[in-house]
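Read the numbers this way: they start at 1 and go in the same order the structure lists the ligands and their atoms. Note: hydrogens, waters and symmetry copies are ignored here, and every other heavy atom, side chains too, is used. Position 1 is the first residue of the sequence, and the numbers go up from there.
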Amino acid sequence: MNVEEIKNKLTELAFERTTPFCYMCYQLCPNGRCEDCGSDDLMRHLDGVGVEYGTEWIVESILEEELEAIDLDDSFEQMIEDCYGTEVQIGFIKSDVSTAIKNLDPIAWDVAKGEYLDSLIEDVSIVEAGNGYYWKHELEAFLS
Ligand SMILES: [Zn+2]
C-alpha cells in the first residue's frame, strides 16, 4: 500500500465504524438521510466517543485505541544503540551511548533525531496519521 491508499482505507474505515447522525433531530440516520427533517447534511456518530462532522477525528480515535503511535525518542535511542552499542566509556565513566551524546551535545542529538525522522518519512517507513506517526507495516497489517 502507498500512503494515499493507507489514508483512503483509514477514511473508509471511519465511515464503516460510524453512523450518520442528524444533530438537529438528535438521532441516528443509518440511511444517510434524516427520516424526520429530510436533511442529508449529517454528522458522524462514533459509539462511545461522540458526534462531529468529518472523518479525521474518527481516524484519530481508532488509531489511538488500536495501534501504538511511534515514540520517536525511544525509536531513535534504539537506532543509536544498534549502531553504536549500549555502553561507552569516557575515561573512568561508563554511560549508555544515548545519555552520553545527549549530555555532551544536546543540539547535535536533536538535529540527528530530526534527520532520523525525516529519513523514516522519506523511506515511507512511517506514515503520519491521526495524531502521530505510525509504522507503515503496522498500518498495513491493521488495515488488511
Ligand atoms: Zn433531522
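Relative ring orientation between F21 and Y26 is described as perpendicular, the plane-to-plane angle rising above 60° on a 0-90° scale split at 30° and 60°.
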Show, in sequence, the C-alpha distance, side-chain angles and deciding distance for W109 and E77, and conclude whether the side-chain contact (heavy atoms from CB on, under 4.5 Å) test is met.
CA-CA 10 Å; W109 176 265; E77 281 182 23; 3.8 Å; yes
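Centred on the Zn ion (ligand 1), the angle running from C22 (SG) to C37 (SG) is recorded as 110°, rounding to 10°. For the pair SG of C34 and SG of C25, the angle whose vertex sits at the Zn ion (ligand 1) is 110° to 10 degrees.
Distance alone, capped at 3.5 Å, is enough to place a donor-acceptor pair between the T11 side chain and the K7 backbone. At distances below 3.5 Å, not a single donor-acceptor pair connects side-chain atoms of R33 with backbone N or O atoms of S39.
In summary, C29 places no N/O/S atom under 2.8 Å from the Zn ion (ligand 1), failing the contact criterion.
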